[in-house]
Amino acid sequence: MSIFEKLESEVRSYSRGWPVVFDRAQGSWIYSEDGKAYLDFFAGAGALNYGHNNPVLKKALIDYISRDGVTHGLDMFTVAKREFLETLNEVILQPRDLDYKVIFPGPGGANAVEAALKLARKVTGKESVINFTNAFHGMTLGALSVTGNSMKRGGAGIPLVHATPMPYDRYFDGTYPDFLYFERLLEDSGSGLNEPAAVIVETVQGEGGINAARLEWLQGLSELCKRHNILLILDDVQMGCGRTGPFFSFEEAGIEPDMVCLSKSIGGYGLPLALTLIRPELDVWSPGEHNGTFRGINPAFVTATEALRTYWADDELEKSTKAKGERVGAVLEEIAREYPDAQLTAKGRGLARGLEFPNGELAGKVCAAAFDRGLLMETSGPDGEVMKLLPALTTTDAEFTQGLEIITESVKAVLSH
């Protein structure tokens, strides 16, 4: 591993928690070069909802590459893009009665967020954006300005402006009515709050600590935005594509955001792809006003199309994800009950789950103990205090049994000392 330490920047992070060299992967398993198998409850930080090297998606990709299908096409019309847009419309948007146009902003989630922020400001003529405590929206400057984590914000090197944080759901543990502070500032001409162009929110804060907003809180936020003529941007980069059960994480709340940011698992196979969905009347761009070299990587269109056809033509995956999520949640709650003195809290929705510890040291030790036992997990939250689970949605019941046993053993090993 010396070449990594010699040449790769100190900014590398995941490799520090998992100090092995990985070589191949299939389904919910990833293998080190010496052949050791690791059960993956990380799934590329949510980019691999359908598992590693999913065979159905792999076949579509190989067939496309083998026939010399276009790989790089900027924003040109291609057969692969047409098939993706047709499938997205027929399988996802129309059945949900959603009317969105599609921006291809660049290859990553931060690109989708940057496009949404930029467009919201262009449409409204206003600069300010409201974000929430413990939010995470990406590492580029615009996305970072609406991110909460002070360590990540500190890396910007310049003031991060034109964004105002508000309390996320249960930030005050129910001691104040929802949106009391936000509404008061909006309505008080002496508050000093700049009139916002948009609000950006995650339904479940993944990096922020698996904080799942109540459906009624999301509904209240949507209504507040409508009342005050503020655009609502829903960042579904990590929680979309079925992570919480439905394709979009906001579906159960019955809301319709003005813009939706998608990336990570929208490509299906782990290939880079990002979308910003916008209400048609917001499409006020001039041609080329927002562009980039990698605005639609055609092999990702191919795997994305195949993923939508395979997993979203019916509700089987949604039902399965909810059932598996309930099982994982029940085990985490059982662990929390087993160690009352440790003050553990089970969190999450669907297959975005977490176990909160009193501090980051304990959560980190549990993840390290799990790694030693052959399971990949990461920590999240402002101090890394949450043990975070993002397994592939295609993980089998037997694999969940194995993974949950490792988690139970790892918590016991750390807390029994």
Side-chain angles (χ1 to χ4, degrees), residues 1-59 61-62 65 108 206-207 238 243 264-265 267-272 299-300 303 307 324 328 331 351-355 357 360-380 384 386-414 417:
M1 287 191 284
S2 61
I3 189 65
F4 301 111
E5 291 166 6
K6 180 182 177 183
L7 280 187
E8 191 176 3
S9 166
E10 292 300 314
V11 79
R12 65 188 187 276
S13 60
Y14 294 117
S15 54
R16 297 179 188 278
W18 307 324
V20 297
V21 179
F22 294 106
D23 181 46
R24 62 187 186 89
Q26 215 294 308
S28 292
W29 295 90
I30 186 166
Y31 300 86
S32 62
E33 63 179 341
D34 62 4
K36 181 173 179 179
Y38 292 84
L39 185 54
D40 187 359
F41 274 20
F42 171 67
L48 296 166
N49 282 5
Y50 314 109
H52 292 273
N53 288 306
N54 182 293
V56 178
L57 310 186
K58 180 165 65 175
K59 182 179 185 308
L61 178 60
I62 290 171
I65 292 170
E207 299 302 310
Q238 191 167 81
R243 175 56 54 185
K264 292 194 182 283
S265 278
Y269 198 72
L271 296 174
T303 51
K324 290 170 180 174
V328 173
V331 170
L351 280 173
R353 296 283 171 171
L355 189 63
F357 290 79
E361 184 183 359
L362 282 176
K365 284 181 177 178
V366 170
C367 287
F371 175 74
D372 290 341
R373 290 164 172 78
L375 179 71
L376 301 188
M377 293 186 300
E378 68 168 334
T379 59
S380 73
V386 177
M387 179 196 82
K388 178 183 179 186
L389 283 71
L390 288 179
L393 311 185
T394 51
T395 303
T396 66
D397 289 336
E399 288 165 342
F400 272 115
T401 297
Q402 188 173 347
L404 292 169
E405 283 175 358
I406 291 174
I407 289 169
T408 302
E409 291 168 11
S410 301
V411 174
K412 182 179 181 181
V414 171
H417 275 75

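All heavy atoms count here, side chains included; hydrogens, waters and symmetry mates do not.
With hydrogens and angles disregarded, no donor-acceptor distance shorter than 3.5 Å links the side chain of Thr395 to the backbone of Ser28. Between the side chain of Asn53 and the main chain of Ala25, a donor-acceptor pair closer than 3.5 Å is present. Checked by atom type and distance alone, the side chain of Thr303 pairs as donor or acceptor with a backbone atom of Gly267 at under 3.5 Å. Although no hydrogens or angles enter the test, the distance criterion places no donor-acceptor pair under 3.5 Å between the side chain of Ser32 and the main chain of Val20.
In this structure, Phe371 and Leu376 have side chains that are in contact, with non-hydrogen atoms separated by less than 4.5 Å. Taking the side chain as every heavy atom from C-beta outward, Phe357 and Val386 never approach each other to under 4.5 Å. Between Arg24 and His52, the closest side-chain pair of non-hydrogen atoms is not below 4.5 Å. Two residues are said to be in side-chain contact when any heavy atoms from C-beta on lie closer than 4.5 Å; Tyr269 and Lys58 meet this criterion. Between Arg16 and Glu10 there is a side-chain heavy-atom pair separated by less than 4.5 Å. Side-chain contact between Arg373 and Ser410 is present, with heavy atoms from C-beta onward closer than 4.5 Å. Ile407 is listed as a side-chain neighbour of Phe41, based on a closest heavy-atom distance under 4.5 Å. Residues Val21 and Phe4 meet the side-chain proximity criterion, which asks for heavy atoms closer than 4.5 Å.
The minimum heavy-atom distance linking Arg243 with Pro391 is given by the pair NH1-O, 2.7 Å. A pairwise comparison of heavy atoms in Gln238 and Ala45 identifies NE2-O, 2.9 Å as the closest pair. Nearest heavy atom pair, residue Gly268 against residue Ala307, reads CA-CB, 4.2 Å. Scanning both residues, Gly384 and Ala363, for their nearest heavy atoms gives O-CB, 3.4 Å. The two residues Met1 and Pro19 make their nearest non-hydrogen contact at CE-O, 3.3 Å. In terms of heavy-atom proximity, Ala300 sits nearest to Pro272 at CB-O, 3.5 Å.
One finds the OH atom of Tyr31 at 13.0 Å from the NZ atom of Lys36 (value rounded to the nearest 0.5 Å). Separating the CD atom in Glu409 from the CG atom in Leu375 is a distance of 10.5 Å, to the nearest 0.5 Å. The CZ atom of Phe400 sits 4.5 Å away from atom CG of Leu351, with the distance rounded to the nearest 0.5 Å. Here CD1 of Ile406 is found 9.0 Å from CE of Met377. Values are rounded to the nearest 0.5 Å. To the nearest 0.5 angstrom, Lys264 atom NZ is 9.5 Å from Leu48 atom CG. Note that CG of Leu355 and OG1 of Thr379 are 12.5 Å apart. Values are rounded to the nearest 0.5 Å.
Heavy-atom contacts from other residues, nucleotides or ligands closer than 6.0 Å to CD of Glu361 number 12 or fewer. Counting heavy-atom neighbours within 6.0 Å of Lys59 NZ, excluding the residue itself, gives a total of 12 or less.
For Trp18 and Tyr38, the ring centers are positioned 6.0 Å apart or more.
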